[in-house]
Amino acid sequence: MQMNMPTFNPSATRAIALVDVNNFYVSCERVFNPKLRGRPVVVLSNNDGCIISRSAEAKALDIAMGAPWFKVRKYAEQEGVIAYSSNYALYADMSNRVMSVLRQFSPSQEVYSIDESFLDFTDFPRRDLSAYAQQLRQTVLQATGLPVCVGIARSKTLAKLANHCAKQQATLNGVCHFNNLAPTVLDDTLRNIDVSHVWGIGRNLNKHLHEVGIHSAYDLKMSDAATMRQTFNVVMEKTVRELNGTSCLALEQVRGPQQQILSTRSFGRAVRDLQSLEEAVTLYTTRAGEKLRQRKLYAGSVYVYIRTSPFRDAQQQYDNNLRLPLHTATNDTLQLVQAALAALRQIYRPGYDYMKAGVSLGELVTAEAQQQDLFQSTATHEKAGRLMHALDTINQKMGRATLRLASEGVQHHQPWRMKQELKSPAYTTCWDELLAVE
DNA sequence: ATCACGGTTTGCA
DNA sequence: CTAACGTGCAAACCGTGAT
């Protein structure tokens, strides 16, 4: 709805900020190892598989996001690229620090991902928001050592694009404020942004949009929202409206209840035997159970899947999965593992090279919603609860490997364990490793 | 016709 | 030494069978 006449607007223009850490994982590694500054650095996914974070210097060497490390390794090492296995304990810790600093800059924050927050800057009347955002960047840098960029606009989708501009254009000094631009200037900016950079436009939608003649963010903005809803879906319609400055996506300060807890890993080496798979599934279920209790939830079902590697396409492929409902929602690792192993034994077929297994806990409920098991005495129930609490406490203090189920097996007989040969020390979480650093 | 369902695909970080 | 290509989540989509 366009207004022809300037009218009284009781609420100030909506201002949503998107704050995003630059090259988050690489930047975390750099905080604790200043020698990495100015050098090409990459961080690898689990199993040292793919590149998932790159420094500016690595991007300049044309090292692609998502590239399998074994394919680019030779070239990268020739060019002096330094690679790290991912160190999620470190990144999670740094993320918490960043988020708590950001919280001080707005009463309304949505933690969107490990390295991104939306902040509501609406009704910050006397402030110059660009200067405020610069102050924010300085504060985060001083408190954590991490560089961030800030995009500010009328909607979340536009704030994402503004952040994109802040990252691309060095002259902006890390802050891009769309609300300050004249409409024609903003449109010129959007014309120069490929539509694939718009939030919600992935590979498939990008292809489809090109087919109907939509190439830039501006093209998408100018498309007819109702038509786009028919041709695509309601999400696309919202994207179009958001590009036009109408906020359709609310700031979600509180996360909805979690629906599933996943633990899945590729193996360091393919396995064929049931026992190895049992060990892996036991470990993954144990991890999922820890997450479950941390979040004070109970699971109503256990889902297990196994598969061969789709990349070894000369080999016989097999994948299968099974969900087993639990009699009563539980957070007891013993029960969860029992169900997971039962599922695994049903889907396992001999004669294949398995490369990956996964466990997902579903139908999650809170303690209040968990129905008392009529067939299980309260005493048994409480005993299991105390056992799990003791287990978690001991493993937290002495390391995850301290108390384990027998079916998890013995660590040095486990070729399936993932490879992490390039890991940095646990700077923020483990004193022993920290003191070992020169 | 419409809905609920479960499995599959897509997108994001 | 060799072989080697991620993980965790949500939501849309789509075919099916029930009503």
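Lettering follows sequence order; numbering is per chain, from 1.
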Quick one: which protein N/O atoms are closer than 3.5 Å to N/O atoms of nucleotides 2-7 of chain C? Pair and distance per line, please.
unit_1	atom_1	unit_2	atom_2	d
C:dA4	OP1	A:Arg312	NE	2.8
C:dA4	OP1	A:Arg312	NH1	3.4
C:dA4	OP1	A:Arg312	NH2	2.6
C:dC5	N4	A:Lys71	NZ	2.8
C:dG6	OP1	A:Ser266	OG	3.4
C:dG6	O4'	A:Ser45	OG	2.9
C:dT7	OP1	A:Ser266	N	2.8
C:dT7	OP2	A:Ser266	N	3.3
C:dT7	OP2	A:Ser266	OG	3.0
C:dT7	OP2	A:Lys356	NZ	3.2
C:dT7	O3'	A:Arg265	NH1	3.4

Interatomic distance, A:Gln259 CD vs C:dA11 C1' [rounded to whole Å]: 8 Å

Reckon A:Leu44 touches a base, only the sugar-phosphate, or nothing at all at heavy-atom distances under 4.0 Å? nothing

Pairing check on C:dA11: which nucleotide meets the Watson-Crick or G-U wobble criteria with it, both distances under 3.5 Å? B:dT9

Please report, rounded to the nearest Å, how far the P atom of C:dG8 is from the CD atom of A:Gln294. 14 Å

Which part of the nucleic acid, if any, lies within contact of A:Tyr112, taking any heavy atom under 4.0 Å across all strands shown: a base, the sugar-phosphate backbone alone, or nothing? sugar-phosphate

Is A:Gln260 touching bases, backbone alone, or none of the nucleic acid, heavy atoms closer than 4.0 Å? base

Under 6.0 Å between the ring centres of A:Tyr84 and A:Trp69? no

Looking at every strand, decide which applies to A:Asp48 at a 4.0 Å heavy-atom threshold: base, sugar-phosphate, or nothing. nothing

The reported gap from OH in A:Tyr25 to OG in A:Ser45 (rounded to nearest 0.5 angstrom) is 10.5 Å

Does C:dG6 have a Watson-Crick or wobble partner in any strand here, with both distances under 3.5 angstrom, and which is it? none

Check every nucleotide of DNA chain B for an atom under 4.0 Å from a heavy-atom of chain A, then give the first and the last such nucleotide from 5' to 3'. B:dT10 to B:dA13

In whole angstrom, what separates A:Arg255's CZ from C:dG8's C1'? 11 Å

How far does the P atom of C:dC5 sit from the matching atom of B:dA13, given to the nearest Å? 25 Å

Less than 4.0 Å between a side-chain N and a carboxylate O, is that true for A:Glu110 and A:Arg255? no

Which part of the nucleic acid, if any, lies within reach of A:Val234 when heavy atoms closer than 4.0 Å are counted: base, sugar-phosphate only, or nothing? nothing

Is the shortest side-chain N to carboxylate O distance from A:Glu79 to A:Arg39 below 4.0 Å? no

So the salt bridge (charged side-chain N to carboxylate O under 4.0 Å, His left out) pairs with at least one residue in residues 234-243 of chain A (sequence neighbours excluded) are A:Arg229-A:Glu237, A:Glu237-A:Arg241

Check whether the side chains of A:Asp93 and A:Ser95 place a donor and an acceptor atom closer than 3.5 Å, and report yes or no. no

Using the six-membered ring of A:Phe267, assess whether NZ or CZ of A:Lys356 lies under 6.0 Å from its centre and within 45 degrees of the ring axis. no

Would you call the rings of A:Tyr352 and A:Tyr354 parallel, tilted or perpendicular if under 30° counts as parallel and over 60° as perpendicular? perpendicular

Looking at A:Phe121 versus A:Phe105, is the centre-to-centre ring distance below 6.0 Å? no

I need the CD-C1' distance between A:Glu252 and C:dC9, as an integer number of Å. 14 Å

Need one value for A:Arg295: base, sugar-phosphate or nothing, where a base atom within 4.0 Å counts as base even if backbone is also close, heavy atoms only. sugar-phosphate

